[in-house]
Number of protein chains: 2
Amino acid sequence: MSDDVDLKPELCNCLAVRQAARHVSQFYDQCLAPAGLRTTQFSILAKLKRRGPMTINALAREMVMDRTTLGRNIQPLQREGLVAAVTGSTDRRSKELHLTAAGAARLAAAIKGWAKAQARFEAVFGAERSRELRAMMRAVSASELADDLAAAAR
Amino acid sequence: MSDDVDLKPELCNCLAVRQAARHVSQFYDQCLAPAGLRTTQFSILAKLKRRGPMTINALAREMVMDRTTLGRNIQPLQREGLVAAVTGSTDRRSKELHLTAAGAARLAAAIKGWAKAQARFEAVFGAERSRELRAMMRAVSASELADDLAAAAR
DNA sequence: TTGACAAACGTGTATATGCGCTTATATAGG
DNA sequence: CCTATATAAGCGCATATACACGTTTGTCAA
């Protein structure tokens, strides 16, 4: 054997998911651009709409996103007045993120673009296959990959 | 009906893939960190190893990545001498990316970490399911989502 | 030859991503 | 009450991502 491991990039699960994410993100971004939102921003507003006010930590967990990443992602939204961050009433360390009226309006305006992207995706990929894809992605997002790592470090 | 579209983030194909990509990337990044490489960097070196010297455009296409993104991603690799960029011999506009000896060495050192990540992923997710996942992701990456958009703009 | 067009790449700008470290606040134990 | 510890969030740093625009170079036809 020439190498320890035969280096076939097409076997890398990480690369596969990242490439797909780039491709899909570009498409959804194009569809949302007329409304002045990126996909990440749309997701944040949609979550807040559906779940109501949440702290940064809680929202970050739901988004499968680092806390500091979310903290930075809300900055453009705050600047535009789409999201308001208020100090928690019971815990003054925390900051509750609220969807503003302007935020709800922007979200409503963007839904057309999102629905278009979604429809196109399912037309190309198939509704059933799309369901399978989402289920698989959810399983990946929920998988506890790093547990082993922590154990090995001990 | 309350809304034009019922706003269920769990139906968004884009969000599902992005979240999975974040989660998996973090894990692979942790496994590659001891070798001093990010997953993107590892992918680039691996591609160059397997395919030989390539131009920025060609490599970007293969990575399902914007040309300018790749151009910036190779900067840290150039700085560390892992990749060399030389002006194309036949076309002086193009730049051929070459894996250096140091780059090959770094790649070899990182393969252990990658194999560990890969093994852990397949242990958690299953080998067969992982194959399906990669096939699905490749299909997504290859799908021509934006064609419609260009047609609609006409 | 030269001028129009296309292709390859770089730059400016903005957002996205996460790690390590720090600060402010809460909570439990003594 | 006060201290040790845990938790919420911010900041510095570096990389990742892509669009709009500009520059250089190649190509082809008049």
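Everything quoted here is computed from the prediction, not taken from an experiment. So you know, we letter chains A, B, ... as the sequences are listed, proteins then strands, and number each from 1.
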Would you please name every residue forming a side chain to side chain contact (heavy atoms under 4.5 Å, CB included) with A:S130, sequence neighbours left out?
A:F121, A:E122, A:F125, A:R134, B:N13
Whether the side chain of [X] engages the backbone of [Y] through a donor-acceptor N/O pair (distance < 3.5 Å, no angle test) should be reported.
X: B:H23; Y: A:S143; answer: yes
X: B:S25; Y: B:R22; answer: no
X: A:D29; Y: A:T39; answer: yes

5'-most contact on DNA chain D: B:Q41 or A:E96, nearest heavy atom basis?
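Looking at DNA chain D, the more 5' nearest nucleotide goes with A:E96.
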Rounded to whole angstrom units, what separation is found between the [atom1] atom of [X] and the [atom2] atom of [N]?
X: B:Q78; N: D:dA16; atom1: CD; atom2: P; result: 13 Å
X: A:I44; N: C:dT17; atom1: CD1; atom2: C1'; result: 12 Å
X: A:D66; N: D:dA8; atom1: CG; atom2: P; result: 14 Å
X: B:I56; N: D:dA18; atom1: CD1; atom2: P; result: 15 Å
X: A:R18; N: C:dT17; atom1: CZ; atom2: C1'; result: 9 Å
X: A:L59; N: D:dA9; atom1: CG; atom2: C1'; result: 14 Å
X: B:L37; N: D:dA14; atom1: CG; atom2: P; result: 17 Å
X: A:K95; N: C:dA26; atom1: NZ; atom2: C1'; result: 18 Å

Has [X] got a side-chain N or O lying under 4.0 Å from the OP1 or OP2 atom of [N]?
X: A:N73; N: C:dT17; answer: yes
X: A:T69; N: C:dG18; answer: yes
X: A:T55; N: D:dA8; answer: no
X: A:Q75; N: C:dA16; answer: no
X: A:R22; N: D:dT17; answer: yes

Collect all protein-nucleotide pairs involving nucleotides 12-14 of chain C in which both atoms are nitrogen or oxygen and the distance is under 3.5 Å.
unit_1 : atom_1 : unit_2 : atom_2 : d
C:dG12 : N7     : B:R72  : NH2    : 3.0
C:dG12 : O6     : B:R72  : NH1    : 2.7
C:dT13 : O4     : B:R72  : NH1    : 3.3

Using nucleotides 4-7 of chain C, report all nitrogen or oxygen pairs with the protein that are shorter than 3.5 Å.
unit_1 : atom_1 : unit_2 : atom_2 : d
C:dA7  : N3     : B:R93  : NH1    : 2.8

Under a 3.5 Å cutoff, is there a donor and acceptor pairing between the side chains of B:T68 and B:D66?
yes
Side-chain H-bond candidate by donor/acceptor type, B:R18 with A:T40, under 3.5 Å
yes
On DNA chain C, nearest-nucleotide positions of B:R67 versus B:D29: which is more 5'?
B:R67
From B:H98 NE2 over to B:E96 CD, what is the distance, rounded to the nearest 0.5 angstrom?
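Answer for the NE2-CD pair, B:H98 versus B:E96, is 4.5 Å.
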Could you measure the distance from the OG1 atom of A:T100 to the CZ atom of A:R106? Nearest 0.5 Å is fine.
9.5 Å
If you check every side-chain atom of B:R92, which of D:dG26, C:dC19, D:dA16 has the closest atom?
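The listed nucleotide nearest to B:R92's side chain is D:dG26.
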All heavy atoms of A:R138 vs all of B:E10, minimum pair found to be NH1-O, 3.4 Å
For B:R129, is there an ion pair with B:E132 - N to carboxylate O distance below 4.0 angstrom?
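Result for this pair is no, no salt bridge flagged.
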